[in-house]
A.B. asks: 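Have a look at the structure that comes next, please.
Positions are given from 1 along the sequence. When a ligand or atom number is given, it counts from 1 through the structure's own listing order.
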Amino acid sequence: MGATTQDLSHEPLAGRPCLVCAAPVRLRVAAWTAQCPSCGTWRSDLEPEIESASLHRAIDTGARSEGLRELRERNNRRILDEIAALQPLEGKRLIDVGSAHGWFLEAAATRGLDAAGIEPEDAIAEHARAAGHRVRSGYFPAVLEPGEQADVITFNDVLEHIPDVDETLRACAQTLRPGGVLSINIPSATGLGYRVATLLGRLGVKGPYERFWQYGLPSPHAHYFTPEALATLVRRHGLILRRTVPLSSVQRRGLWARLHTIERPSVRSVIAFVGLWVAAPILDRPANSDIVLVLAQRAAEEPSRGV
Ligand SMILES: [Zn+2]
């Protein structure tokens, strides 16, 4: 039958092994998302389109900057404080994967880090280089020099877009120096916003759920992990889990611009704005946060191995 030919080119999502615990996942909420019944990890089969993403993100740079910058800057300071609690920052080499416009690189440099970025979208990478940041175009770990190492590797709103998370984390463990820190800032499957969107999606109101997954956008999400599942993943690669910290995901200031990064004001967007404005203080409580920061560290080398 015709369906058989199609199945050969595109493996069905239902029944694929969970990336964290290998249990077969089950379709949930939409035909393009599934959840692991055992550990709660979510995955999608949405495909990124990097080239159009480039165009899209270049166009929306202004609105995105205005709506998100303050929230990002606050979170960036927090992330650097958390990393500094694990190892001194001064003079240490940092790689920011998916460095976008270079905001995190800028924050890292002010703390004395020797910070470099990797960014797959060439137009964005060029924009960051023009602003004075050291950014390589391409993908992690493919663009690393042979034997290249780092003291800190960061993923800010990036890991959820990468289909093969396991391979990425393996490369992190190999690239980090002994005592090096891996910092992952990522949307959480346990966040209140995500849970409400899931509930609404099951009731037939798909808009918020699609927005959470960035469905129909050039750079959709491939995963939603619980903090526990992420901890399991980093431990699998020999890293030591240090901290799991809720980060701020919603604030009233800049919300209008943030909601209209990709769409013009409409009845729908005004309803979303009012709803989020009212709910912002509740969504922003640490227990409800939709963004989590996971910090892991490579074990320090034993002194006897030092020569
Ligand atoms: Zn699982």
Side-chain angles (χ1 to χ4, degrees), residues 7 10-48 97-98 140-141 153-174 182-203 206 208-215 219-247 249 286-298:
D7 288 348
H10 194 85
E11 187 194 346
L13 180 59
R16 285 194 213 172
C18 168
L19 290 171
V20 179
C21 74
V25 299
R26 292 181 194 154
L27 287 188
R28 289 279 314 271
V29 188
W32 39 268
T33 48
Q35 189 184 23
C36 171
S38 176
C39 75
T41 299
W42 294 76
R43 64 189 290 178
S44 79
D45 61 357
L46 303 173
E47 308 266 351
V97 181
F140 175 89
I153 301 177
T154 52
F155 291 83
N156 295 305
D157 285 326
V158 167
L159 202 67
E160 68 274 23
H161 298 280
I162 300 177
D164 197 349
V165 166
D166 229 23
E167 186 52 44
T168 302
L169 293 177
R170 179 177 305 123
C172 288
Q174 285 168 356
L182 172 65
S183 166
I184 301 168
N185 152 21
I186 191 169
S188 167
T190 60
L192 181 60
Y194 183 71
R195 284 184 287 134
V196 169
T198 301
L199 179 66
L200 289 172
R202 284 165 62 192
L203 297 172
K206 302 276 190 195
Y209 188 72
E210 291 177 353
R211 186 66 190 255
F212 265 88
W213 282 95
Q214 302 195 7
Y215 175 84
S219 189
H221 290 186
H223 322 276
Y224 266 85
F225 295 107
T226 65
E228 292 73 23
L230 268 173
T232 304
L233 279 178
V234 299
R235 285 195 187 108
R236 180 182 298 165
H237 295 287
L239 299 172
I240 304 159
L241 181 75
R242 292 300 190 198
R243 294 257 288 149
T244 302
V245 186
L247 291 181
S249 58
N288 297 335
S289 180
D290 279 282
I291 305 182
V292 69
L293 174 68
V294 173
L295 292 142
Q297 194 166 23
R298 194 179 150 187

A.B. asks: Going by ring-ring contact (aromatic ring centres under 6.0 Å, His included), name the residues that satisfy it together with H161, two or more places apart in sequence or in a different chain.
C.D. replies: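 With neighbours one apart ignored, the set is H221.
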A.B. asks: Which of these passes side-chain hydrogen bond (donor to acceptor under 3.5 Å, both in side chains) with T33: Y224, W213, Y209?
C.D. replies: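 So, applying the side-chain hydrogen bond (donor to acceptor under 3.5 Å, both in side chains) to T33 and each of Y224, W213, Y209, only Y209 qualifies.
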A.B. asks: Could you list the residues that satisfy side chain to side chain contact (heavy atoms under 4.5 Å, CB included) with L199, not counting sequence neighbours?
C.D. replies: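 Once residues adjacent in sequence are excluded, the partners of L199 under the side chain to side chain contact (heavy atoms under 4.5 Å, CB included) criterion are L203.
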A.B. asks: Around the Zn ion (ligand 1), what protein N, O or S atoms are found below 2.8 Å?
C.D. replies: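 Hits for the Zn ion (ligand 1) below 2.8 Å: C18 SG, C21 SG, C36 SG, C39 SG.
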A.B. asks: Any chance you could measure L241, atom CG, to L182, atom CG, to the nearest 0.5 Å?
C.D. replies: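 Between L241 CG and L182 CG, I get 10.0 Å after rounding to 0.5 Å.
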A.B. asks: First locate atom OG of S188, then atom CZ of R195, and finally report the distance between them rounded to the nearest 0.5 Å.
C.D. replies: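 Output value for this atom pair is 8.5 Å.
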A.B. asks: If the condition is salt bridge (charged side-chain N to carboxylate O under 4.0 Å, His left out), which residues does R235 pass it with, not counting sequence neighbours?
C.D. replies: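 R235 satisfies salt bridge (charged side-chain N to carboxylate O under 4.0 Å, His left out) with no residue once adjacent residues are dropped.
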